[in-house]
Participant: 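Here's a structure for you.
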Amino acid sequence: MRNNHENVPLVFTEEVSDALASGLPVVALESNVITHGLQYPENAETARKVEAAVRAGGSVPATIGVENGRILVGMTDADIERFASTPGIPKVSSRDMGIVLARGGMGATTVASSLVAADLAGIPFFASAGIGGVHRGAERSMDISSDLVQFTRSKVAVVCAGAKNILDLGLTLEFLETHCVPLVSYRSDDFPAFYCLSSGFRSPHRMDDETEIARAIETHWALGNDNGFLVTSPIGAEDAIDSREVEQAIEDAIVAAEKDGVRGNAITKYLMRAVDKVTEGRSAKANMAVLISTAEAAGRIAAAHAALLRTN
Ligand code: PSU
Ligand code: MN
């Protein structure tokens, strides 16, 4: 059962619209990681586990996607299965959203476009394991993910495990600082690197308590900021991959990508697949584990945030 939003083409599942109406915590999730980040059938299985992890944290999951000229806010099991198993669903970032909606058809939302949808839908939290960032060699390619730009535009708190070390994480941190995007690391001193525990960079702030994080987010918004707020939560140590193990693979993949002429929005997937190959699937497994642990942390923080709003 679904209700159509009045002015924008949003289609809510009943569970998500009920949760929003009654002030229950909701966490938005992207679909590009389902269609492009992982392969069938592990992608469908992981998407369901990620939703279960949000619930285990105490919140309602709302997986975002585009279909028939509408934005899905929340997916049923059948929706997840369709997105996971349909080949060739295009990756849709913020700038593509209007075009893909006008055309009809399906679209897999990145972090950036999922934030646009979450903001429209009134969902203050979003979770994904790996955000896009400033690419290595960006001083020549100018490849900076629109995810970072969208953080400056959408009033949604993002819980993630940092960004992948296929990127230049030092420059990614500089970009966030320049663009006034707050960054807090949950129960860790360092900015994590997706399935690696640390990027080697310290986080500007550490907070161990969810309610304190919720208060920091609300205070940031109360100061008149209507941008995002980044919270990182690292992978469990037992699932983590040693960054030295993947560094050579990344460097080789970057050289190969340039030789193959891969650029633009195709580069992220190309590099990730190359690393998966070298680690013989270990990184893909860690990828699934970190998606789940991030979703659980987001569920907990969003629940603390909803509780805080109720007591205010
Ligand atoms: N990082 C990952 N896995 C992913 C992505 C990033 O570890 O699947 C996806 C996300 O959907 C993210 C997008 O929003 O890639 C960023 O793409 P780009 O670098 O083209 O902006
Ligand atoms: Mn890019």
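When a ligand or atom number is given, it counts from 1 through the structure's own listing order. Given the structure is predicted, the values throughout are model-derived calculations rather than measurements.
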Participant: Quick check against the 3.5 Å criterion: does T110 have a side-chain atom that pairs as donor or acceptor with the backbone of A112?
Facilitator: yes
Participant: Would you check if R48 and D77 make a side-chain contact, meaning some heavy-atom pair closer than 4.5 Å?
Facilitator: yes
Participant: If you compare all heavy atoms of G122 against all heavy atoms of L20, which two are closest, and at what distance to 0.1 Å?
Facilitator: O-CD2, 3.7 Å
Participant: Tell me which protein heavy atom sits closest to atom 2 (C) of ligand 1, plus the residue, atom name and distance to 0.1 Å.
Facilitator: M272 SD, 3.5 Å
Participant: Does M272 reach the side chain of H36, with side-chain heavy atoms less than 4.5 Å apart?
Facilitator: no
Participant: If you leave out waters, which protein N, O or S atoms are less than 2.8 Å from the Mn ion (ligand 2)?
Facilitator: D143 OD1
Participant: Heavy atoms only, cut-off 4.0 Å: how does T110 contact ligand 1, side chain, backbone, both, or neither?
Facilitator: both
Participant: Over all heavy atoms of both residues, which pair between S31 and G65 is shortest? Give the atoms and the distance, please.
Facilitator: OG-CA, 3.6 Å
Participant: Check this for me: H179, atom NE2, are more than 12 non-hydrogen atoms of other residues, nucleotides or ligands nearer than 6.0 Å?
Facilitator: yes
Participant: Considering only the protein, which heavy-atom contact is closest to atom 16 (C) of ligand 1, and what is its distance?
Facilitator: D147 OD2, 3.7 Å
Participant: Of all the atoms in ligand 1, which lie at a distance below 4.0 Å from a heavy atom belonging to F194?
Facilitator: 7 (O)
Participant: Distance to 0.1 Å, residue and atom name: give those for the protein heavy atom nearest to atom 19 (O) of ligand 1.
Facilitator: T268 OG1, 2.7 Å
Participant: Tell me whether D96 contacts the main-chain N or O of S93 through its side chain, where contact means a donor paired with an acceptor under 3.5 Å.
Facilitator: yes
Participant: Taking only heavy atoms of H135, which atoms of ligand 1 are found under 4.0 Å from at least one of them?
Facilitator: 19 (O)
Participant: About how many Å separate CG of D239 and CG of L197, when rounded to the nearest 0.5 Å?
Facilitator: 9.5 Å
Participant: Among all the protein's non-hydrogen atoms, which is closest to atom 11 (O) of ligand 1, and how far away is it?
Facilitator: E30 OE1, 2.5 Å
Participant: Using only atom types and a distance under 3.5 Å, with no angle test, would you say the side chain of N43 pairs donor to acceptor with the backbone of A84?
Facilitator: yes
Participant: To which of V149, N265, N32 does the heavy atom nearest atom 9 (C) of ligand 1 belong?
Facilitator: N32
Participant: If only atom types and distance count, is the side chain of R187 paired as donor or acceptor with the main-chain N or O of D208 below 3.5 Å?
Facilitator: yes
Participant: So which heavy atom in the protein is nearest atom 21 (O) of ligand 1, and how far is it from that ligand atom?
Facilitator: S145 OG, 2.7 Å
Participant: Could you check D276 against S283 for side-chain hydrogen bond (donor to acceptor under 3.5 Å, both in side chains), going step by step and ending with a plain yes or no?
Facilitator: CA-CA 5 Å; D276 288 348; S283 62; 2.6 Å; yes
Participant: Provide, to 0.1 Å, the distance between atom 1 (N) of ligand 1 and the closest protein heavy atom, together with that atom's residue and name.
Facilitator: G130 O, 3.4 Å
Participant: Among V60, T63, V27, find the one that has a side chain to side chain contact (heavy atoms under 4.5 Å, CB included) with E51.
Facilitator: T63
Participant: Checking the N or O distance criterion of under 3.5 Å, is ligand 1 in contact with V111?
Facilitator: yes
Participant: I'd like the name of whichever of H36, K269, K164, K91 reaches closest to atom 20 (O) of ligand 1 through any heavy atom.
Facilitator: K91
